[in-house]
Amino acid sequence: MKFFKSKGQHIVSKAIARRIAGYAELSKKDTVLEVGCGTGVLTSVLLERAGKVYGIEIDARFVKLLQEKFAKEIDEGRFILIHGDAMKVEFPPFNKFVSNIPYFISSPLTFKLLRHDFDVAVVMYQREFAERLVARKGENYGRLSVVVKAYAKPEIVEYVSRKAFRPPPSVDSAVVRLIKKPEIEVENLQIFEDLVRYCFSRRRKQLGKILDEWMESRGIWLEVPEELRRLRPEDIEPEVYAEIVKSAKL
Ligand SMILES: C[S@@+](CC[C@H](N)C(=O)[O-])C[C@H]1O[C@@H](n2cnc3c(N)ncnc32)[C@H](O)[C@@H]1O
């Protein structure tokens with residue numbers, strides 16, 4: 001079967017699939033969601049270890065192959081396969097998310113995932129994206145690094161070479177485990193996300209000036225400690241953004 005790079009079709013070995021599933025510590029009580037089942041390498045490990053698996057796959061050729069390969073599990077109601085675009089279909093209920101995702105939807109898919117209720121997610125990302133998720137200041141630190149921590153605790157559990165995939169992608173990868181417990185406490189997520197986006201889209205400016213403009217445009221007043229005013233958005237830890245938002249007065 002031909003694999004299309006444009007659809008992010010890079011298949012992992014069974015050994016890697018077992019390790020990815022291992023990080024989710026599955027049991028028969030778990031219901032797992034997998035986005036992008038491909039030829040079913042990871043799906044078969046998930047079906048061995050979890051009680052129920054939902055799969056979302058966009059490519060009709062893979063859907064047909066998966067329906068044949070897992071006919072018994074589909075019959076038993078243990079595997080529910082959805083043919084569609086993971087960004088458009090509504091996610092079914094699940095408590096664990098385990099996927100080797102197509103990298104070009106990493107950002108919107110991660111935000112869609114974070115807005116759902118679940119216990120743990122184990123996701124294969126492009127290495128650089130994974131490093132952005134876990135960063136706390138310094139290299140790779142940005143909007144994503146700050147916002148994700150208001151929803152979950154992200155941790156890189158393994159780096160994976162491009163050689164581990166068939167066909168190999170042009171980038172290296174990393175497996176991230178996200179525990180769905182906020183790493184930082186945020187009182188108003190809507191204001192927090194808006195403010196963080198605003199700050200990081202003006203990263204060359206000083207925080208004091210950015211926040212003055214934000215307050216004026218939003219009609220919301222914030223307490224900004226004097227010592228922060230000359231710093232740039234990337235010098236501020238996620239907890240400090242949360243603290244600034246806590247002072248918001250509408
Ligand atoms: C990196 S491959 C992973 C395949 C397999 N799970 C594995 O681990 O070997 C990504 C899979 O996602 C599918 N895919 C791409 N875009 C998608 C989308 N928007 N929604 C659902 N599946 C998608 C591709 O067809 C491909 O099967």
Side-chain angles (χ1 to χ4, degrees), residues 1-24 26 30-50 52-70 73-74 78-92 94 96-116 118 120-130 133 156-178:
M1 191 179 296
K2 191 169 165 34
F3 296 132
F4 296 108
K5 282 195 175 175
S6 61
K7 287 202 176 89
Q9 293 174 345
H10 303 281
I11 308 300
V12 290
S13 68
K14 190 91 177 183
I16 299 228
R18 285 205 185 96
R19 285 214 299 279
I20 297 176
Y23 296 118
L26 299 172
D30 290 321
T31 298
V32 180
L33 172 62
E34 183 192 8
V35 163
C37 304
T39 56
V41 182
L42 179 57
T43 319
S44 71
V45 181
L46 301 176
L47 281 165
E48 268 165 39
R49 301 185 188 177
K52 195 169 183 173
V53 177
Y54 286 96
I56 305 176
E57 172 55 58
I58 203 167
D59 189 326
R61 300 168 312 149
F62 289 152
V63 169
K64 189 165 175 285
L65 187 146
L66 292 160
Q67 281 166 340
E68 286 163 11
K69 196 166 173 178
F70 301 113
E73 290 82 354
I74 291 175
R78 293 189 53 235
F79 182 40
I80 295 103
L81 181 59
I82 301 160
H83 179 197
D85 180 340
M87 292 316 306
K88 293 191 182 142
V89 302
E90 200 182 315
F91 282 177
F94 60 94
K96 294 196 175 167
F97 180 93
V98 183
S99 301
N100 173 18
I101 63 167
Y103 294 159
F104 55 87
I105 55 170
S106 294
S107 188
L109 184 66
T110 300
F111 281 107
K112 181 168 179 174
L113 172 67
L114 289 173
R115 292 192 166 96
H116 270 262
F118 65 89
V120 60
V122 179
V123 191
M124 178 91 81
Y125 287 110
Q126 178 175 341
R127 179 183 177 138
E128 195 235 342
F129 188 89
L133 275 177
I156 292 179
V157 286
E158 181 171 339
Y159 286 100
V160 183
S161 156
R162 64 192 77 184
K163 292 187 200 132
F165 298 82
R166 194 172 48 89
S170 50
V171 291
D172 288 321
S173 301
V175 181
V176 175
R177 178 167 49 205
L178 292 143

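Counting starts at 1 for both ligands and their atoms, in listed order.
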>> Once ring pair (Phe, Tyr, Trp, His ring centres under 6.0 Å) is applied, do any residues pair with Tyr54, and if so which ones, sequence neighbours excluded?
In response: none
> So is Asp85 polar-close to ligand 1, meaning N/O to N/O under 3.5 Å?
Replying inline: yes
>> Evaluate Pro102 for polar contact with ligand 1, using N/O atom pairs at a separation under 3.5 Å.
In response: no
Closest approach of any protein heavy atom to [atom], naming residue and atom:
atom: atom 15 (C) of ligand 1; value: Lys7 O, 3.1 Å
atom: atom 2 (S) of ligand 1; value: Gly8 O, 3.2 Å
atom: atom 25 (O) of ligand 1; value: Glu57 OE2, 2.7 Å
atom: atom 17 (C) of ligand 1; value: Ile58 CG2, 3.6 Å
atom: atom 9 (O) of ligand 1; value: Val12 N, 2.9 Å
atom: atom 6 (N) of ligand 1; value: Gly36 O, 2.8 Å

Quick one: look at [X] and ligand 1, take heavy-atom pairs under 4.0 Å, and tell me if it's side chain, backbone, both or neither.
X: Phe62; result: side chain
X: Glu34; result: side chain
X: Ala17; result: neither

Which ligand 1 atoms, with their elements, are less than 4.0 angstrom from a heavy-atom of [X]?
X: Asn100; value: 1 (C), 2 (S), 3 (C), 7 (C), 8 (O), 9 (O), 10 (C)
X: Ala86; value: 18 (C), 19 (N), 20 (N), 21 (C)
X: Gln9; value: 24 (C), 25 (O), 26 (C)
X: Gly84; value: 20 (N), 21 (C)
X: Ile11; value: 4 (C), 9 (O)
X: Cys37; value: 5 (C), 6 (N)

> Is the number of heavy atoms from other residues, nucleotides or ligands under 6.0 Å of Arg166 CZ greater than 12?
Replying inline: no
> More than 12 heavy atoms of other residues, nucleotides or ligands under 6.0 Å from NZ of Lys64: is that the case?
Replying inline: no
> When the ring centroid of Phe79 is compared with that of Phe70, is the distance short of 6.0 Å?
Replying inline: yes
> Should the ring pair Phe94 and Phe97 be called parallel, tilted or perpendicular, given that the plane angle runs from 0 to 90° and is split at 30 and 60?
Replying inline: tilted
